[in-house]
Participant: 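Have a look at the structure that comes next, please.
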Amino acid sequence: MVLRARPGRDEDERAVVRRLSRARKAPRDVVMRAGMIELSWSRLRVPAIAVELGCSQKTVRCRLHRFNRLGLQGLDDLGGQGRKRRITEEERSRIISLVKTVSPGRPRWKPVGQLSAFHESGPIEWTLDSLAAAARTTGIEVGRS
């Protein structure tokens with residue numbers, strides 16, 4: 001059975017696919033997928049599209065099926081791939097603001113004109129261990145890495 005991309009639902013969808021297949025600033029994968037759809041609309045079969053774009057026939061079939069099922073949304077990457085974040089964006093911002101503060105072992109001038117540190121045994125510079133410990137005291141569950 002010959003697999004082809006379904007015709008565009010309207011002129012706008014066809015225009016978007018055409019524009020994406022020729023785009024220079026769009027992600028390369030999206031440009032390639034739009035090119036597959038456009039070549040299919042030009043009556044090329046799966047093996048010819050695969051040779052033209054330098055990919056496997058299985059990839060072309062998968063992308064054509066996905067476009068037929070989802071339309072323009074089928075050109076984008078699926079969400080949810082990759083490692084999930086361990087900390088929230090708000091916790092990340094709090095850690096960054098913590099790094100910008102003075103470390104507890106760094107000497108500071110007191111108003112009376114002498115140097116002293118908040119914690120004499122603390123590190124002069126932030127280290128991974130001291131930063132993780134300081135983040136844990138503020139309620140952020142984070143490891144050393």
Side-chain angles (χ1 to χ4, degrees), residues 1-109 115-145:
M1 187 168 143
V2 177
L3 175 63
R4 295 199 193 285
R6 64 160 174 75
R9 290 204 168 105
D10 55 7
E11 188 54 41
D12 290 338
E13 187 177 65
R14 288 187 291 272
V16 169
V17 170
R18 269 188 252 116
R19 190 177 69 235
L20 280 174
S21 69
R22 292 168 177 78
R24 292 183 178 196
K25 301 280 184 174
R28 197 187 92 191
D29 291 339
V30 174
V31 172
M32 186 171 163
R33 294 169 194 157
M36 289 177 193
I37 304 306
E38 193 170 26
L39 289 172
S40 177
W41 287 344
S42 300
R43 311 299 266 168
L44 262 65
R45 293 186 175 198
V46 170
I49 295 171
V51 169
E52 178 83 22
L53 296 176
C55 62
S56 71
Q57 294 181 27
K58 183 178 178 181
T59 301
V60 175
R61 284 190 191 93
C62 176
R63 296 304 173 185
L64 291 179
H65 279 299
R66 198 160 150 212
F67 178 78
N68 290 342
R69 197 174 61 243
L70 300 173
L72 290 176
Q73 291 177 346
L75 298 177
D76 291 330
D77 289 328
L78 291 174
Q81 272 74 28
R83 183 178 179 172
K84 304 296 182 233
R85 291 185 175 259
R86 292 184 193 172
I87 60 174
T88 64
E89 195 62 34
E90 189 249 329
E91 290 172 333
R92 184 176 178 277
S93 296
R94 286 176 35 206
I95 291 173
I96 290 172
S97 66
L98 185 63
V99 169
K100 292 181 180 181
T101 63
V102 177
S103 65
R106 178 168 284 230
R108 296 176 225 162
W109 286 102
L115 279 174
S116 69
F118 187 68
H119 287 292
E120 296 290 331
S121 62
I124 294 175
E125 299 284 330
W126 283 113
T127 63
L128 283 176
D129 292 328
S130 63
L131 187 60
R136 277 190 233 103
T137 61
T138 62
I140 302 171
E141 287 300 317
V142 65
R144 182 180 181 274
S145 62

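As the structure is a prediction and not an experimental result, all values here were calculated from the model.
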Participant: State, to 0.1 Å, how close L75 and V17 come at their nearest heavy-atom pair, and which atoms those are.
Facilitator: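 Shortest heavy-atom contact: CD1-CG2, 4.4 Å.
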
Participant: Can you tell me how far CZ of R4 sits from CG of L39, rounded to the nearest 0.5 angstrom?
Facilitator: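 So the gap between those two atoms works out to 12.0 Å.
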
Participant: Please round to the nearest 0.5 Å and tell me the distance separating atom CZ of R6 and atom CD1 of I37.
Facilitator: 8.5 Å

Participant: Looking at every non-hydrogen atom in both residues, tell me the closest pair between E13 and G8 and how far apart they are.
Facilitator: OE1-CA, 3.3 Å

Participant: Go through it in stages, so that I can follow the logic: the residues are T59 and L53, the test is side chain to side chain contact (heavy atoms under 4.5 Å, CB included), and I'd like the CA-CA distance, side-chain angles, deciding distance and then a yes or no.
Facilitator: CA-CA 11 Å; T59 301; L53 296 176; over 6 Å; no

Participant: More than 12 non-hydrogen atoms from neighbouring residues, nucleotides or ligands closer than 6.0 Å to CZ on R92, yes or no?
Facilitator: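 Atom CZ in R92 is not crowded, with 12 or fewer foreign heavy atoms closer than 6.0 Å.
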
Participant: Considering only residues two or more places apart or on different chains, which pairs with a residue in residues 25-44 satisfy salt bridge (Lys or Arg N to Asp or Glu O under 4.0 Å)?
Facilitator: R22-E38, R33-D77

Participant: Begin from the C-alpha positions of E91 and R85 and carry the test salt bridge (charged side-chain N to carboxylate O under 4.0 Å, His left out) through to its verdict.
Facilitator: CA-CA 11 Å; E91 290 172 333; R85 291 185 175 259; over 6 Å; no

Participant: Between atom OG of S40 and atom CZ of R45, what is the distance when rounded to the nearest 0.5 Å?
Facilitator: 11.0 Å

Participant: In Å, rounded to the nearest 0.5 Å, how long is the span from CD1 of I87 to CD of E141?
Facilitator: 11.5 Å

Participant: Given side chain to side chain contact (heavy atoms under 4.5 Å, CB included), test L98 with I140 step by step and report yes or no.
Facilitator: CA-CA 11 Å; L98 185 63; I140 302 171; over 6 Å; no

Participant: Can you confirm whether more than 12 heavy atoms, excluding those of Q73, are under 6.0 Å from its CD atom?
Facilitator: no

Participant: Taking the side chain as C-beta and beyond, is there a heavy-atom pair between F67 and M36 under 4.5 Å?
Facilitator: no

Participant: Where is the tightest heavy-atom contact between V31 and S21, given as atom of each residue plus distance?
Facilitator: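 Here V31 and S21 meet closest at CG1-O, 3.6 Å.
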
Participant: Starting at CG of D76, measure out to CG of L70 and round the result to the nearest 0.5 Å.
Facilitator: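 Taking CG in D76 and CG in L70, the distance rounds to 10.0 Å.
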
Participant: Is a side-chain N or O of R94 found less than 3.5 angstrom from the main chain of T138, in a donor-acceptor match?
Facilitator: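 Between the backbone of T138 and the side chain of R94 there is a qualifying donor-acceptor contact (under 3.5 Å).
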
Participant: Can you list the steps and then say if L3 with N68 is a side chain to side chain contact (heavy atoms under 4.5 Å, CB included)?
Facilitator: CA-CA 10 Å; L3 175 63; N68 290 342; 4.2 Å; yes

Participant: Please list all pairs passing the salt bridge (Lys or Arg N to Asp or Glu O under 4.0 Å) test where one or both residues lie in residues 48-75, with sequence neighbours left out.
Facilitator: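 As it turns out, there is no salt bridge (Lys or Arg N to Asp or Glu O under 4.0 Å) pair with a partner in residues 48-75 once direct neighbours are skipped.
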
Participant: For A135 versus I95, what's the shortest heavy-atom pair and its separation?
Facilitator: CB-CG1, 4.3 Å

Participant: Please report the closest heavy-atom contact between C55 and M32, naming both atoms and the distance.
Facilitator: CB-CE, 3.4 Å

